[in-house]
Amino acid sequence: MRIGTVTLPSPFAIAPMAGMTDTAFRRLVKRHGGCGLVVTEMVSAEGLVRGIDRTLEYAEYTEEERPIAIQIFGGDPEKMAAAAQIVEGMGADIVDVNMGCPVPKIAKHNAGCSLMREPEHAARVIAAMTKAVKIPVTVKMRAGWNDDQRNAPALAKMVEEAGAAAIAVHGRTAAQSYSGSADWDLVREIAGSLAIPVFGSGDCIEPEQIVSRMRSGVEGVLVGRGVLRNPWILAQAEELAAGRAPREVTLEDRGRFLLDYIDLLLRERVRNNESHRVGHDRWIVNKLRALGSWYTKGLENGSHLRTAINSAESLNGLVDTIGSFFLLSERLCSASEETFVSFESHLYFS
Ligand SMILES: Cc1cc2nc3c(=O)[nH]c(=O)nc-3n(C[C@H](O)[C@H](O)[C@H](O)COP(=O)(O)O)c2cc1C
């Protein structure tokens, strides 16, 4: 599958999720296989143009994540074009535009899903960006603003004409937020009417659903919450699509994933002082709490684990909680202790 000049090794991708799909998480999912594309959390075009450190951190990625799309949000064509050039300069393979975020803080700035309410303006944003960069420009949208304005089919056509190389559609309106269910008939209708690839997004929480959505006529499937619950879901979908039995994921695998995530986070944003270390640990604990609220869904005794993660008072306490819940072998826990010792030395002496 191709998006402009970029070849994807699989048509299944991790959907962008603010606060969740950081570089460490994306790398781990990618290492488990089946993932053809990763997209960063949404990044402010304004923040990129102004060079704000926090914004630049959200856009960070590593080579092993390629092909990588950086998703930006904003409403001003010139600023979006300038931000696209910055994304291109950062070496990203694709720049994606957020036309789906329903959060008022974003929508009131004429960005996110509110762009869908002004389709001509939205198309001007895409035209300005495609003129400014050589990398493919893609768009992620919803079904529309509300039930009276389900204009994704018309807008999709307009952004295609403005030069978009692919689009993704989450089949809910902004007014729906996450209630009800995604309208895959609408997604299919759009896929059937465009020449560029169309990804569908919404409600795939089992690998079988990804495969059946894929076979229903879209070129690719973006999976969000399903990956947060089961980071192996894309690999399992790939296996199913190839006619093989999907891999089994053991409790130990699930525990190991969380410990690996902690290890990767420990290596990031490292500074050489004690006060930073305390803040850094808290940042990691908060990241695990955010993931834990999804990761524990559907697990036997998952609500107990969720409560235990939320009440862990230190990073070491969190590691113990994970170790005992997933009945990890001594080997696994001692490996993690070694990692901690080595990271602590790194923190203090590097
Ligand atoms: C916590 C969370 C954060 C999200 N952040 C973004 C975002 O930054 N950009 C975006 O285009 N979509 C965002 N989405 C929407 C997802 O990309 C996806 O389209 C939606 O969740 C439906 O797919 P799913 O049912 O597989 O989760 C977010 C969704 C969730 C649950």
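Just follow the structure's listing: the first ligand is 1, and inside any ligand the first atom is 1.
Remark: ligand 1 and W294 share no N or O pair separated by less than 3.5 Å (distance only, no angle test). Considering backbone and side-chain N/O atoms, A18 comes within less than 3.5 Å of an N/O atom of ligand 1.
With atom 12 (N) of ligand 1 as the reference point, the heavy atom nearest to it among M20, K140, M99 is part of K140. Of the options P16, P102, G224, the smallest heavy-atom separation from atom 17 (O) of ligand 1 is shown by P16.
Counting heavy atoms under 4.0 Å from ligand 1, residue H170 touches it through the side chain alone. Here Q71 has side-chain heavy atoms under 4.0 Å from ligand 1, and that is the only part of it that gets that close. Using a 4.0 Å cut-off between heavy atoms, D203 contacts ligand 1 through both its backbone and its side chain. For M42, heavy-atom contacts with ligand 1 shorter than 4.0 Å involve the backbone as well as the side chain.
Looking only at heavy atoms of the protein, atom 31 (C) of ligand 1 is closest to R225 CG, 3.6 Å. Remark: minimum distance from atom 23 (O) of ligand 1 to any protein heavy atom is reached at S201 OG, 3.3 Å.
Ring geometry for H32 against W232 counts as tilted: the plane angle lies between 30° and 60°, on a 0 to 90° scale.
Shown in contact with A15 at under 4.0 Å from a heavy atom are these atoms of ligand 1, numbered in order with element: 17 (O). For ligand 1, the atoms closer than 4.0 angstrom to any heavy atom of N98 are 9 (N), 10 (C), 11 (O).
Remark: side-chain polar atoms of K108 are not paired, donor with acceptor, to backbone N or O of S114 under 3.5 angstrom. A distance-only check finds no donor-acceptor pair linking the side chain of Q149 to the backbone of R117 [under 3.5 Å]. In this structure, D253 contributes its side chain and T250 its backbone to a donor-acceptor pair below 3.5 Å. Not a single donor-acceptor pair under 3.5 Å links the side chain of H170 to the backbone N or O of K140.
With hydrogens and angles left out, the side-chain atoms of S179 and Q176 include no donor and acceptor closer than 3.5 Å.
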Going by atom type alone, with no hydrogens or angles, which donor-acceptor pairs under 3.5 Å involve a side-chain atom of residues 192-200 and a protein atom two or more places apart or on another chain?
| from | atom 1 | to | atom 2 | distance (Å) |
| --- | --- | --- | --- | --- |
| S193 | OG | I190 | O | 3.0 |

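Using a non-hydrogen distance threshold of 4.0 Å, Y178 registers as a contact of ligand 1. Under the 4.0 angstrom criterion for non-hydrogen atoms, G100 is not in contact with ligand 1.
Under the 6.0 Å distance and 45° angle rule, R26 does not count as a cation-pi partner of Y61.
Side-chain heavy-atom separations under 4.5 angstrom define the hydrophobic clusters, and the remaining members of the one that includes M42 are F73, V103, I106.
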